[in-house]
Amino acid sequence: NPKQNKQLILNDSRLPFSIRVLLEAAIRNCDEFLVKKGDVENILNWKVVQHKNVEVPFKPARVILQDFTGVPAVVDFAAMRDAVKKLGGDPEKINPICPADLVIDHSIQVDFNRRQNTLTFEPDIRYYLLRFPFHWLPAVHNSLQKNQDLEFERNKERFEFLKWGSQAFKNMRIIPPGSGIIHQVNLEYLARVVMDQDGYYYPDSVVGTDSHTTMIDGLGVLGWGVGGIEAEAVMLGQPISMVLPEVVGYKLLGTPQPLVTSTDIVLTITKHLRQVGVVGKFVEFFGPGVAQLSIADRATIANMCPEYGATAAYFPVDDISIGYLMQTGECKKRSQVKDYLEAVGMLRDFKNSSQDPDFTQVVELDLHTVVPCCSGPKRPQDKVAVSDMKKDFETCLGAKQGFKGFQIAPDRHKSVVKFNFEGCDFELAHGSVVIAAITSCTNTSNPSVMLGAGLLAKKAVEAGLTVKPYIKTSLSPGSGVVTYYLRESGVMSYLSQLGFDVVGYGCMTCIGNSGPLPESVVEAITQGDLVAVGVLSGNRNFEGRVHPNTRANYLASPPLVIAYAIAGTIRIDFEKEPLGKTVKIFLKDIWPTRNEIQAVERQFVIPGMFKEVYQKIETVNESWNALDAPSDKLYTWNPKSTYIKSPPFFDGLTLALQTPKTIEDAYVLLSFGDSVTTDHISPAGNIARNSPAARYLTSRGLTPREFNSYGSRRGNDAVMARGTFANIRLVNKFIDKQGPQTIHFPSGETLDVFDAAERYKQAGHSLIVLAGKEYGAGSSRDWAAKGPFLLGVKAVLAESYERIHRSNLVGMGVIPLQYLPGEDAGTLGLTGRERYTIVIPEKLKPQMNVQIKSQMNIVHSSENTQLGDSSVKHSGFIDFMHFSLCFCDSQTLGLRER
């Protein structure tokens with residue numbers, strides 16, 4: 001308590017506020033074992049040490065997981081307990097030491113949308129209100145009911161397993177499905193800003209198994225995404241080992257223009273910081289412009305931190321942050337939080353420039369210069385002003401295949417395909433919108449853009465505008481609070497009239513759970529080889545992510561999603577062309593101003609809504625409550641299950657340390673260029689009917705309707721291994737077209753990647769992967785490391801790595817090798833058709849040089865890791881951690897030598 005105890009003031013050295021959070025954690029956890037005095041001194045001396053690539057430990061206050069990444073973590077914990085028992089240890093020692101919350105939000109899909117067979121107040125309406133407690137509308141739409149019923153039907157095994165985990169493991173809380181999106185629930189409910197443990201206060205901080213964990217930075221809670229393997233280590237009480245980061249100060253000035261949204265601001269910042277180059281760095285926002293932004297606006301900006309490449313995007317706590325705690329029902333803690341932060345020098349006044357810390361670098365943005373914009377068609381950093389969208393798309397049509405090109409022949413730019421939908425004739429062309437989704441916590445957490453969309457919808461309906469029925473429209477709120485204020489403000493009915501009914505509470509379209517398009521639409525797209533478009537209020541639009549049939553995908557604010565849905569095409573100049581052909585209404589005629597939106601927000605977004613929704617969030621879902629989960633401390637694996645399977649990671653485990661072995665005469669499984677993302681590597685989306693995973697499931701007696709998605713089957717390694725590198729947009733240099741195939745060099749056959757890897761494995765051959773820059777960019781998916789490991793990949797040789805993916809590779813015992821500066825496959829004359837021998841010394845150290853021999857060359861590369869050699873000796877960090885907890889003392893494992 002700051003009023004009772006002498007405090008350490010953390011602002012004497014003008015450290016960035018984000019670094020002060022690291023410093024406080026190091027001081028509090030300094031035990032001269034995992035955290036040493038030298039670590040504290042390095043952080044205190046940040047201004048000098050930041051440039052020296054020095055590693056420091058960080059123990060966050062808590063861990064957060066979503067179900068796609070959480071299920072594999074719980075599977076690993078369950079398997080650890082089995083392994084510990086087999087080796088004579090106490091399995092109940094395997095528990096999260098660091099508090100962990102798991103929010104189930106990734107399982108629901110948009111299988112049904114729009115108002116289909118709307119239910120009215122029949123006698124059984126109470127049943128539906130119990131099942132869908134946040135959808136307090138005059139009618140409950142059949143699409144919501146069907147999507148949630150299908151979610152439980154498809155995922156019953158997974159949900160029962162997770163419910164078992166919440167009961168079997170201490171210190172783990174599960175937020176049931178239907179509650180909302182992980183990062184919005186974290187912002188509105190789970191975050192504390194300041195932790196209170198037995199009367200002692202310290203800053204809230206978090207790591208999560210989703211790269212957009214950074215959203216919570218907008219509230220002043222330092223957090224970022226880590227791989228599932230790193231998260232498991234933190235849950236088991238270990239600190240994260242991280243390079244003490246540089247901190248880029250991002251100074252915000254001015255006031256946004258009346259028609260500009262927070263989405264426009266974040267897309268502008270994303271492009272700007274991509275150009276600046278902030279990979280591996282913290283970004284800390286400061287300047288008087290920050291005071292112009294609400295917590296929801298700041299959270300939107302922080303959410304897209306992975307898209308601009310930084311580790312964290314931190315907004316220090318100020319009075320607006322404290323006010324947000326009151327709005328969301330944490331008013332009892334307001335005075336304690338403020339007292340503590342003032343006492344330790346961590347409360348910020350953005351209008352007081354004397355508080356500005358020293359930064360590695362300072363860049364500026366005048367908020368008044370931001371204009372309405374979108375990003376696409378294939379990357380979130382490719383910002384396009386709305387006024388330029390039509391011209392930009394038409395340029396992309398004919399441009400060379402790439403991030404800004406589709407290479408469509410000029411004589412086909414005006415191609416039109418006629419089709420019939422529900423008895424009516426329509427036409428599709430290049431640029432036609434077929435998906436329009438208000439989705440993702442990036443925007444659904446922000447009342448200003450959600451109410452802005454509602455007000456735009458109201459004006460559009462009143463003006464007689466409509467959305468074509470074949471366009472797959474959807475609204476998936478990030479929490480029940482959104483539905484509450486949309487209903488109370490009177491705009492929900494107008495959203496519904498345009499087709500934007502609530503279809504579920506989860507990530508949905510943003511993560512590729514967009515569900516099927518109408519068959520006639522797919523046939524028309526295929527027939528004309530059309531570049532169809534998805535428009536979504538999400539944070540990722542990588543190729544193949546949103547839907548296989550939308551080759552162009554644009555990120556946009558919720559109001560713009562509706563505008564493009566009404567227009568039906570991306571090839572429109574809103575300033576010169578009306579939204580409808582029969583109704584001559586322009587976008588400017590229905591666009592709500594910032595003042596209009598703020599007036600509605602002040603009236604209808606109130607603390608009582610948050611309290612009403614969140615006081616019963618863990619118990620209100622009757623379907624979840626009805627699940628029958630086993631109560632044993634060891635999980636009883638069902639050999640017939642195709643969802644949950646004991647993983648092979650601990651098979652053959654012994655107490656003896658293994659000596660690292662040289663990788664001899666390895667074949668190259670795949671050869672890539674730049675920007676291969678975890679979406680390309682990790683199994684994601686729907687399971688294609690002609691894929692190795694589909695053949696496996698068929699052999700287990702399942703029909704295509706029962707395949708579900710890869711994400712739902714992350715607890716089954718047999719499915720996930722078969723889905724690794726299965727993305728239809730995979731570009732492998734060995735193959736002259738996109739697709740999940742490679743060449744099996746001993747036979748010369750072109751095979752699916754899994755089938756080729758199996759051939760190599762059966763013959764006893766090791767494998768490596770060659771790649772260019774930014775290998776593993778995108779979402780933090782542990783299966784992007786686990787999958788290659790199961791395929792037999794021993795090492796990856798790339799020009800650079802995304803930070804989380806690099807750590808995940810180390811965690812699985814796959815060595816991430818990096819070319820020396822100025823070298824790459826081209827300069828060394830490597831084609832990937834050679835065989836490689838990688839000389840692994842007994843004592844591996846981070847960033848040491850190792851020698852790679854090919855048939856024609858000797859390549860020197862750097863082993864660029866953040867973990868010591870003990871984890872490699874144990875074939876991965878999970879094995880290493882379970883030994884350290886259950887069997888060995890610290891010196892046996894070399895823990896004292898990070």
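Computed from a predicted model, the values in this text were never measured in an experiment.
Scored by the salt bridge (charged side-chain N to carboxylate O under 4.0 Å, His left out) test, R173 finds D101, E618 as partners (sequence neighbours excluded).
The pair D752-R695 meets the salt-bridge criterion, since a charged nitrogen lies less than 4.0 angstrom from a carboxylate oxygen. Salt bridge absent: E160 and K163 never bring a charged side-chain N and a carboxylate O closer than 4.0 Å. Salt-bridge check for D651 with K86: failed, with every basic side-chain N at 4.0 Å or more from each acidic carboxylate O. Salt-bridge annotation for D76 and K786: present, with a side-chain N of the basic residue lying under 4.0 Å from a carboxylate O of the acidic one. Salt bridge absent: D90 and R81 never bring a charged side-chain N and a carboxylate O closer than 4.0 Å.
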Let me have the donor-acceptor pairs involving side chains of residues 790-800, under 3.5 Å, with sequence neighbours excluded, atom names and distances please.
unit_1 : atom_1 : unit_2 : atom_2 : d
E799   : OE1    : K773   : NZ     : 3.2
S800   : OG     : E774   : N      : 2.8

Side-chain polar contacts of residues 660-671 - donor-acceptor pairs under 3.5 angstrom, sequence neighbours left out - could you list them?
unit_1 : atom_1 : unit_2 : atom_2 : d
T662   : OG1    : I840   : N      : 3.4
Y667   : OH     : R835   : NH1    : 3.3

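For Y760 and H744, the distance between ring centers is under 6.0 angstrom. Here W783 and F789 keep their ring centres 6.0 angstrom or further from each other. Ring pair F745/F734: centre-to-centre distance below 6.0 Å.
Donor-acceptor pairing under 3.5 Å is lacking for the side chains of R158 and N708.
From F672, atom CZ reaches atom NZ of K733 across 10.5 Å, with rounding to the nearest 0.5 Å. Atom OG of S712 and atom CD1 of I108 lie 13.0 Å apart (nearest 0.5 Å).
Both tests do not hold together for R714 against F68: distance to the six-membered ring centre under 6.0 Å, angle to the ring axis within 45°.
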